[in-house]
Amino acid sequence: MRSHRCGDLRASDGGRTAILCGWVDGRRDHGGVTFIDLRDTSGIIQVVFSSDVSARAHDAAQELRGEFCIKVTGEVRARRPGTVNDNLATGEIEVAAEELEVFSRSETPPFQIDDHQEIEESLRLKYRYLDLRRGRMQANLKLRHAIISAIRSFFDEEGFVEIETPMLTRATPEGARDYFVPSRVHPGSFYALPQSPQLFKQLFMVAGLDRYYQIVRCFRDEDLRADRQPDFTQLDLEMSFVEQEDVLEVAERMFKHVWREALSVELADFVRLTFAESMERFGSDKPDLRFGMEIKDLGPALSSTEVKIFRSVLDSGGAVKAIAVPGRGALARKDLDALVDEAKALGAGGLVWAGVTSEGLRSPLAKLFGDDERAGLVAAAEASEGDLILVVADHDPGVVHKTLGALRGRLAGRFGLIPERDRSDPEAWKFAWIVDFPWFEWDEAEKRWDPIHHPFTGMVEDTVQYLETDPGKVISKSYDITLNGWELASGSIRIHDRKMQERVFEALGISRDEAQAKFGFLLDALRFGPPPHGGIAPGIDRIVALAAGETNIREVIAYPKTQTAHDPLTGAPAPVTPDQLAALHLQTTHPPNPGPI
Ligand code: ASP
């Protein structure tokens, strides 16, 4: 039907006849000549309709409007001097139309197909097929394809096999709520959609498949944020006869391969931080390493302080720590008061601020410190003149780290402290491994210990002894990959010893019967010679979003859902008829819903 794609033509094609198909991006009329921009997935080219070339085509062009779908035949020619468009790859040329065929007309679209417009997201999602006509969205989906292709080529080379696992299955615990699907043929029973293929991939290892991967859809019913969707895509992988270092080595090499192939960037080696170090220095287990502002301990500098709040915290074994915000020492009082409120909302008892000025410290507490103490505090915070020191003190060092970590991230964004870098700059990509996570975390609301990763995660041998007596001390063989403040992947070396797996279930308060009912198939498999194994699962949507320079994963997912897990395009989720409910042996206690908000 066509000879070229719009965006592929160049000056060297001058004199050729081109047959092009696409959409009318815009139309202008100048002195009896009609110009249209014709757009397809490759780009845009200018088409000129003039009666000199074809009166018939020129007449027919008068009905063209934005988003009409057309075919144009004409000669490629150089644009007249002075009319060259440097912003367009095809800007040196145009097509002089000889024939026009209109495939279909378009109503006026609900928004302009234009990358520079801010369009309300629910409207974009309702008309996603129009939204996806935009160059930016097409580029994002093509980048997604390039990244997935690079992943597949990498694992093919490495001898991994891609195998699918069931979507209708039993619950896999990854810390979220499950999506359930009622069974028609087993009244009262439900399938769960997988939160991850975790157990199936472990069974592949028992099966001797050795190296598995899968680009797989996973489902988690949890509160949505910019980096979460109810259904999302993971690169899931698992390897046999490996230790932690082996998995880290393969995963890091894979990321380097993907960045090289899809972005032409040579990544530096990943930084490696233990969980404890990451919390102490950055107050987060997904630290953004593109800027400094590290958390500093003021304890030694204040060791003989008489300032009451600091004295009591230090005496009780708590922490007094600070970050220094560059160049914000003269921040207005109301902004400082707002920061104090922000710190309190984050869980701190309060926040002490101190601006470093040429005349000394500007702080409500300035008078309470001795001269040495003031100098010691500025030095310990590694602050310079003009900086703002923010101090948090608490009996629980965890509160100090969490509060300063959150402020560090927010203020860097608010004050523009993260250096702007081009995506082609290797320095733009600050990957890190976070290792040596605690195995358990205490859930204060439920008053119980929960796994930080999942219950199949191995433990560092010499910490297993604390499993029953002091769970907080058990260190797991799990690891995360973080990039620029996002968690990109989690993984672990698994428990392959059945007795150990049973002991872990017990420590988690899962009874033998419950363990057998939920995970009996795994426990059974562990009877038959399971190999040592481990893996990891990077999130594809997050990888692509970061690689595309987007801050929201919805921008790299073709048909995403809104923050309320609603799809404005199809209207899902939607009520079903009483007959459909009855066939599934279900009744709903909710009145028929007119449709989601
Ligand atoms: N199944 C884990 C997850 O989805 C990843 C892994 O342990 O490989 O986070």
Side-chain angles (χ1 to χ4, degrees), residues 151 155 160 162-167 169-179 192-206 209-222 225 227-240 242-252 254-255 275 285-286 433-441 450-460 475-483 486-496 501 504 518-519 522 530-543 553:
I151 289 172
F155 285 114
F160 281 67
E162 181 168 12
I163 320 173
E164 290 149 282
T165 48
M167 292 283 114
T169 178
R170 287 201 69 154
T172 33
E174 296 282 359
R177 279 174 193 275
D178 289 305
Y179 278 101
L193 301 179
Q195 291 190 31
S196 81
Q198 183 61 36
L199 296 175
F200 290 112
K201 70 174 170 174
Q202 291 192 229
L203 297 186
F204 283 150
M205 298 303 106
V206 178
L209 283 157
D210 204 88
R211 264 146 216 246
Y212 139 94
Y213 83 103
Q214 182 183 190
I215 309 278
V216 63
R217 200 56 71 88
C218 301
F219 305 85
R220 296 182 192 179
D221 186 359
E222 51 194 349
R225 299 192 303 233
D227 60 356
R228 280 189 183 161
Q229 280 280 300
D231 50 340
F232 62 98
T233 308
Q234 280 192 341
L235 157 62
D236 193 46
L237 68 105
E238 196 75 7
M239 305 161 72
S240 284
V242 288
E243 287 166 352
Q244 178 162 318
E245 280 311 313
D246 302 302
V247 182
L248 268 49
E249 190 274 328
V250 167
E252 183 166 333
M254 189 273 302
F255 272 97
F275 171 81
D285 60 359
K286 36 181 194 285
W433 283 107
I434 313 294
V435 298
D436 293 348
F437 282 84
W439 204 99
F440 292 94
E441 69 189 333
D450 284 337
I452 285 192
H453 196 37
H454 50 56
F456 318 107
T457 297
M459 298 172 184
V460 171
I475 300 295
S476 77
K477 289 187 180 173
S478 73
Y479 30 80
D480 279 4
I481 297 175
T482 66
L483 170 59
W486 289 41
E487 179 195 314
L488 278 195
S490 289
S492 60
I493 296 298
R494 325 299 182 187
I495 297 168
H496 70 278
Q501 187 64 70
V504 167
K518 284 188 176 158
F519 311 117
L522 173 75
H533 61 287
I536 190 165
I540 296 283
D541 309 303
R542 292 181 187 179
I543 293 173
I553 61 169

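The basis for the numbers below is simple: all heavy atoms, side chains too, and nothing from hydrogens, waters or symmetry mates. Counting starts at 1 for both ligands and their atoms, in listed order.
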task = Answer yes if the ring centres of Phe232 and Phe219 are under 6.0 angstrom apart, and no otherwise.
result =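 No; Phe219 has its ring centre 6.0 Å or more from that of Phe232.
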Taking only residues two or more places apart in sequence, or in another chain, which ones meet Glu245 in a side-chain contact (heavy atoms from CB on, under 4.5 Å)?
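Result, side-chain contact (heavy atoms from CB on, under 4.5 Å) vs Glu245: Leu248, Arg272.
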Practice problem: Check side-chain contact (heavy atoms from CB on, under 4.5 Å) between Pro451 and all other residues, then give those that pass, not counting sequence neighbours. | Solution: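 So Pro451 forms a side-chain contact (heavy atoms from CB on, under 4.5 Å) with Trp439, Pro455, Leu508.
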Between Gln214 and Thr165 (side chain of the first, backbone of the second, donor and acceptor by atom type, cut-off under 3.5 Å), is there such a pair?
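Indeed, once roles are kept as given, a pair shorter than 3.5 Å links the two residues.
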Contacts of Glu249 that satisfy salt bridge (Lys or Arg N to Asp or Glu O under 4.0 Å) - sequence neighbours left out:
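Expected list: Arg253.
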Kindly determine whether Thr172 and Arg170 satisfy side chain to side chain donor-acceptor pair (under 3.5 Å), including the steps that lead there.
CA-CA 6 Å; Thr172 33; Arg170 287 201 69 154; over 6 Å; no
Measuring from each atom of ligand 1, which residues have a heavy atom under 4.0 Å away?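 For ligand 1, the contacting residues are Glu174, Ser196, Gln198, Lys201, Arg220, Gln234, His453, His454, Ser490, Gly491, Arg494, Gly535, Ile536, Ala537.
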